[in-house]
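Just so you know, ligand 1 is whichever comes first in the structure, and atom 1 is the first atom listed for that ligand.
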Amino acid sequence: MALGLSCRAQRITQAEIRTMTLECEKVGGINLAQGVCDTDVPLPVRRGAQDAIEAGVNSYTRFDGLAELRRAIAIKMRDYNGIDADPETEITVSAGSTGAFYCACLALLDPGDEVILFEPYYGYHLNTIEAVGASGAYVRMKPPDWSFSAYDLERAITSRTKGIMINTPANPSGKVFDRAELEVIGEVARRRDLFVFTDEIYEYFLYDGRRHLSPAALPLLADRTITISGFSKTYAITGWRIGYSVAPRRWAEVIGHMNDLVYVCAPAPLQLGVARGLSELKRSYYEESLREYSGKRERICSALTSAGMTPFVPQGAYYVLADVSRLPGETGKERAMHLLQRTGIASVPGEAFYHDDWGHRLVRFCFAKHDAELDEACRRLRHLGG
Ligand code: PLP
């Protein structure tokens with residue numbers, strides 16, 4: 001037998017985001033492609049991790065995380081998400097929400113299964129589903145509010161469908177699913193006996209007074225939903241790799257086994273940093289952070305409008321999709337490269353978020369940047385508009 005890659009590896013392409021980041025580095029540009037928040041880490045989170053390192057918290061933790069963190073997550077789930085989760089049996093701390101989702105897929109999906117994705121989707125969701133041999137099926141959301149039709153959802157379901165993926169607030173569209181939409185999804189999931197996977201990593205980033213609603217808080221969905229979230233975005237610690245899943249005990253148990261197999265545990269002292277943040281940071285921290293991001297959203301949307309790249313103003317998260325059909329080029333990639341060459345600003349071509357060519361007229365900008373860098377990017381964009 002010849003040496004060769006696994007079929008799995010051949011199906012998975014390198015994220016366009018990384019490619020644009022490399023292109024950006026070549027020209028020394030401003031990287032609005034990657035979702036790395038450059039903002040400061042809150043003090044209790046830093047101190048909690050430093051104290052844990054000094055105290056010698058160096059060993060493996062229990063496979064599903066340290067009790068301090070599981071308990072703090074359970075309190076947060078109850079108070080913020082309206083979900084009662086038993087910290088002993090229903091919460092699995094993992095290597096970021098990415099790790100949490102991978103373990104859920106390993107535990108619950110078989111090769112050949114299908115999972116419905118709302119499009120535009122987050123590429124890692126599709127790649128993770130494909131990494132376990134399952135595949136995506138698509139329900140198109142329509143701008144500017146990224147609504148979808150119950151008919152399209154129903155039509156996307158086949159005898160192989162095993163789950164529906166929700167991302168609220170969503171990357172890249174910024175869509176925040178409301179109660180009526182979640183009830184439509186819940187009714188379908190129940191009738192067709194499907195899992196619901198929900199990635200809520202941007203749960204604290206909702207604009208214009210919107211409130212976060214977790215699918216698992218709906219009684220209709222409580223017993224079939226795997227809630228995934230993490231602290232990369234909320235505490236600006238993308239490199240720490242602390243996330244978690246919450247699921248009814250019978251699913252959580254197997255997700256925990258997979259977490260043990262793949263990661264053993266999440267980084268021990270960093271778990272305690274996050275636990276300290278959860279217990280010490282007051283509501284004002286989250287409100288202040290939201291105010292800051294609302295301001296950034298206003299500034300980038302206004303600059304994009306001046307540049308003739310109509311933004312689809314996001315309801316949540318910290319990305320904005322813009323219509324760049326006025327820029328030269330046939331594809332999102334060509335248009336993003338044109339923009340990089342003219343302004344030194346890197347964005348992500350829209351095709352990274354679609355399974356067909358619908359994304360060609362879109363690019364995505366990330367606005368989780370320090371003010372000075374974001375303001376310079378906005379200045380350059382306005383300049384492009386002449
Ligand atoms: N989920 C979504 C929707 C994201 O946009 C991102 C990062 O960009 C992640 C998950 C990654 O989260 P984590 O750092 O917790 O793995």
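Interface atoms of ligand 1 facing K233, defined by a heavy-atom separation under 4.0 Å, are 6 (C), 7 (C), 8 (O). Of all atoms in ligand 1, numbered sequentially from 1 with element shown, those under 4.0 Å from a heavy atom of G96 are 15 (O), 16 (O). Taking a cut-off of under 4.0 Å to the non-hydrogen atoms of R241, the atoms of ligand 1 that pass are 13 (P), 14 (O), 16 (O). Close approach of ligand 1 to Y319 (heavy-atom distance below 4.0 Å) involves ligand atoms 5 (O), 8 (O). Counting atoms of ligand 1 from 1 in the listed order, those under 4.0 Å from a heavy atom of N171 are 3 (C), 4 (C), 5 (O). Every atom of ligand 1 with a heavy atom of N167 under 4.0 Å away is listed here by number and element: 3 (C).
The heavy atom nearest to atom 14 (O) of ligand 1, considering only A100, S232, G230, is found in S232. For atom 5 (O) of ligand 1, the choice among Y121, Y202, Y102, Y124 with the nearest heavy atom turns out to be Y202.
Here R210 pairs with V176, L206, D208, Q315 under the side-chain contact (heavy atoms from CB on, under 4.5 Å) rule; sequence neighbours left out. Remark: D375 engages R299, D371 in a side-chain contact (heavy atoms from CB on, under 4.5 Å) (not counting sequence neighbours).
At a 3.5 angstrom cut-off on N or O pairs, T238 does not count as close to ligand 1. Between T98 and ligand 1, at least one N/O pair is under 3.5 Å apart.
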After noting the C-alpha distance and the side-chain angles of Y263 and F63, does the key distance pass the ring-ring contact (aromatic ring centres under 6.0 Å, His included) rule?
-> CA-CA 8 Å; Y263 304 109; F63 68 96; over 10 Å; no
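Using modelled atom types and a 3.5 Å distance limit, the side chains of D323 and T310 yield no donor-acceptor pair. There is no side-chain donor-acceptor pair under 3.5 Å between S135 and E130. Side-chain N/O atoms of R382 and S306 include a donor and acceptor closer than 3.5 Å.
To the nearest 0.5 angstrom, F101 atom CZ is 13.5 Å from S229 atom OG.
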